[in-house]
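Read through the structure below, which is laid out as structure tokens, and then see the notes.
Numbering of residues begins at 1 and proceeds along the displayed sequence. From a predicted model like this one, the values you see are computed outputs, not experimental measurements. All ligand and atom numbering here is 1-based and tracks the order in the structure.
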Amino acid sequence: MVATPIGNLGDLSPRAVDILQRVDRIAAEDTRHSAGLMRHFAITTPMLSLHEHNERQKTQLLLQRLEGGESIALIADAGTPLISDPGYILVREAHMAGLRVVPIPGPSALIAALSASGLPTDRFSFEGFLPAKDGARRKLLEALAQERRTLAFYESPHRILDSLADMAGIFGETREAVVARELTKTFETIRHDNLGNLLEWMRGDANQQKGEFVVLVGEAPKDEGGEGPAAEACRIADILVQELPVKQAAALAASISGEKKNALYKYLLDRG
Ligand code: SAM
């Protein structure tokens with residue numbers, strides 16, 4: 001599993017060059033795309049393609065070759081293989097077959113963005129690409145709205161504005177976030193602000209909508225609305241109080257959500 005650059009060719013490690021030169025074959029996501037990288041480093045190892053549409057069939061062929069004693073390097077178009085890229089089936093099957101799988105670590109847009117983000121990195125959730133359809137995308141974002149870990153998304157230039165707008169709408173405009181664009185390339189931009197400001201900035205500058213993006217979102221505020229109980233607990237209490245007396249609604253919402261009964265009781269009384 002050989003990581004390759006996400007832009008700057010200087011990021012291909014000497015160990016990666018050595019391995020790519022020495023293996024019997026390179027399985028590449030797009031052989032034409034990777035030909036440039038190989039030319040640059042004078043690597044002449046034969047390549048074959050392994051992409052999301054042929055991974056199942058090609059895996060069997062690759063396993064046969066590996067079992068026959070060949071060494072094969074897997075690369076993606078950019079960055080670390082298997083991170084929003086093909087290879088999972090191959091690696092899994094290789095383990096099942098008792099073959100040795102060796103990572104040659106290197107660039108990944110996810111880790112590069114996180115490390116430069118200024119957001120908490122002790123716990124994070126990588127969500128890959130958001131669904132293309134508006135409804136599915138919003139549903140997923142709603143499910144993530146209370147997430148306390150830093151959220152990481154990959155995004156394409158076609159959808160960056162829609163996704164940022166949905167994030168601002170669902171997570172709130174004041175939520176801390178980072179747009180990391182064109183990492184390691186000429187127009188690298190890393191902007192740390194809140195979602196509302198990031199959206200406004202990107203809408204106002206068409207150049208910022210171009211290229212490749214990682215979007216990182218900071219943790220959900222603990223108690224939305226200041227001192228009160230968490231938003232999800234309030235939502236449950238709001239529903240229950242339509243059918244039950246306040247005291248009972250607060251008690252039931254507390255046992256469902258884990259929130260304090262007294263806090264929910266006070267919340268329901270205050271909102272009248
Ligand atoms: N395997 C790759 C990795 O380890 O980063 C990711 C592959 S995924 C198919 C491609 C996505 O990664 C892009 O759409 C973008 O979201 C992100 N990406 C790749 N290169 C990037 C870069 N130089 N700057 C920002 N994001 C990048």
Is any side-chain heavy atom of [Y] closer than 4.5 Å to one of [X]?
X	Y	result
Leu141	Phe153	yes
Pro229	Lys266	no
Leu114	Phe124	yes
Leu48	Leu62	yes
Asp85	Asp77	no
Gln64	Glu70	no

Nearest option to [atom], as decided by whichever heavy atom of [options] sits closest:
atom	options	answer
atom 24 (N) of ligand 1	Ile160, Thr189, Leu183	Leu183
atom 7 (C) of ligand 1	Asp77, Asp85, Val215, Thr184	Asp85
atom 8 (S) of ligand 1	Ala3, Ser84, Ala109, Ala76	Ser84

Output yes when the distance from some N or O of ligand 1 to some N or O of [X] is under 3.5 Å, and no in every other case.
X	value
Phe129	no
Leu110	no
Arg181	no
Ile6	yes
Tyr154	yes

Check: Glu93/Thr59 side-chain N/O donor and acceptor closer than 3.5 Å
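Not at all, the side chains of Glu93 and Thr59 share no donor-acceptor pair under 3.5 Å.
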Could you list which atoms of ligand 1 come closer than 4.0 Å to a heavy atom of [X]?
X	value
Phe213	15 (C), 16 (O), 25 (C), 26 (N)
Ala180	25 (C)
Glu182	23 (N), 24 (N), 25 (C)
Thr80	1 (N), 3 (C), 4 (O)
Lys185	23 (N)
Gly79	3 (C), 4 (O)

Lys139 bridged to Glu142 by N-O distance under 4.0 Å:
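Answer for the salt bridge query: no.
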Do side-chain atoms of [X] reach the backbone of [Y] as a donor and acceptor pair under 3.5 angstrom?
X	Y	value
Arg181	Lys210	yes
Arg175	Gly218	yes
Glu155	Leu164	no

Starting from atom 20 (N) of ligand 1, locate the nearest protein heavy atom and write down its residue, its atom name and how far away it is, to 0.1 Å.
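That would be Glu212 OE1, 3.3 Å.
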In this structure, does ligand 1 have an atom that sits under 4.0 Å from one of the heavy atoms of [X]?
X	value
Val214	yes
Ser156	no
Ala78	yes
Phe153	no

Can you confirm whether more than 12 heavy atoms, excluding those of Glu243, are under 6.0 Å from its CD atom?
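Open: at most 12 neighbouring heavy atoms sit under 6.0 Å from CD of Glu243.
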Is ligand 1 under 4.0 Å from a heavy atom in the side chain of Glu155, in the backbone, in both, or in neither?
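Answer for Glu155: backbone.
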